[in-house]
*Asks:* 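Handing you a structure now.
Every value quoted in this text rests on a predicted model; they were computed, and no experiment measured them. What you see below is based on every heavy atom in this structure, not just the backbone, and it leaves out hydrogens, waters and symmetry mates. All ligand and atom numbering here is 1-based and tracks the order in the structure. One is the number of the first residue; the rest follow in order along the sequence.
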Amino acid sequence: MEGIRSILFLISCAFLTLCVTLSPVHGKYYSKTVPFVRMGEKVTNLHFFFHDTLVGKNPSAVLIAKASLPNNGTSPAPFGSLYAIDDPLTTGPELTSEVVGSAQGLWVSSAQGLQTSLVAYFDFGFTTGEFNGSSISVFSRNPVLETERELAVVGGRGKFKMARGFSELKTYFVDPTTGNAIVEYNVTVIHY
Ligand SMILES: *[C@@H]1O[C@H](CO)[C@@H](O)[C@H](O)[C@H]1NC(C)=O
Ligand SMILES: *[C@@H]1O[C@H](CO)[C@@H](O)[C@H](O)[C@H]1NC(C)=O
Ligand SMILES: *[C@@H]1O[C@H](CO)[C@@H](O)[C@H](O)[C@H]1NC(C)=O
């Protein structure tokens, strides 16, 4: 009995020591960065153009809700505007180039003040080639006024199951009055 007690005592001491050692130091919100490698993972690069048309004969981005705030600025999408999209993805910057899929989802104008910034909730589905039927999920801030920006890839379907990655964006064209834009996407996806 005494033996068991001392073993329990030793275990709780070890546990306490561990807890004290692992408890976070206040003032730092991240741990040390160490290498992390998983076997069997592959990397694929995707390159295409995204056409977001708010105003035109066939809009592919439509306003579905907006906040009742005064629009003091000139932004076509002031803070609190929510759009549903079904945007074509093409190999070249012209809408007439080959369509390889579509981006479906939502974006919301998410910054207070006059500097437009969005948060994107998109599923990029592909309809041609090796990735026909597969898609990647993007959920990220999208500071559209910066010509070059980065969006997080947080998952995927089909061949992109368990995907993670990032997408480098470059604005190819934007009409500040309508908000119509063509954006070059260069996506790096790590998947199985
Ligand atoms: C917008 O205009 C309203 C009413 O004039 C004002 O109360 C508000 O502070 C303005 N907001 C900004 C971001 O300028
Ligand atoms: C993509 O997949 C769908 C469904 O399997 C098929 O009907 C279609 O023909 C495929 N398209 C191409 C271009 O391979
Ligand atoms: C896309 O990104 C990859 C990796 O960052 C880079 O090697 C490649 O040159 C880029 N391609 C284009 C067309 O920007």
*Asks:* Of Tyr172, Trp107, Tyr185, which meets ring pair (Phe, Tyr, Trp, His ring centres under 6.0 Å) against Phe50?
*Replies:* Tyr185
*Asks:* Considering the options Leu54, Leu63, Leu69, which one meets the side-chain contact (heavy atoms from CB on, under 4.5 Å) requirement together with Ser81?
*Replies:* Leu63
*Asks:* Around Gln112, counting heavy atoms of other residues, nucleotides and ligands shown, do more than 12 lie under 6.0 Å from its CD?
*Replies:*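 Count not over threshold, so no.
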*Asks:* Heavy atoms only: give me the nearest Thr53-Asp87 pair and the separation to one decimal.
*Replies:* N-OD1, 4.3 Å
*Asks:* At their closest point, which heavy atom of Leu151 faces which heavy atom of Arg141, and how far apart are they?
*Replies:*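 The pair with the smallest heavy-atom distance is CD1-O, 3.5 Å.
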*Asks:* Give me the atom names and distance for the closest heavy-atom approach of Ser134 to Lys159.
*Replies:*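 Result for this residue pair: OG-N, 2.9 Å.
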*Asks:* List the steps and the verdict of side chain to side chain contact (heavy atoms under 4.5 Å, CB included) for Leu95 and Phe49.
*Replies:* CA-CA 9 Å; Leu95 201 45; Phe49 290 82; over 6 Å; no
*Asks:* Under 4.0 Å from a heavy atom of His47: give me the atoms of ligand 3 that qualify, with their elements.
*Replies:*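 Atoms satisfying the 4.0 Å criterion: 13 (C).
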*Asks:* Indicate yes or no: does an N/O atom of Glu184 lie under 3.5 Å from an N/O atom of ligand 3?
*Replies:* no
*Asks:* Name the residues in contact with ligand 2, where contact means a heavy atom under 4.0 Å away: which are they?
*Replies:*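 Its neighbours under 4.0 Å (heavy atoms only) are Thr127, Asn132, given by chain and number.
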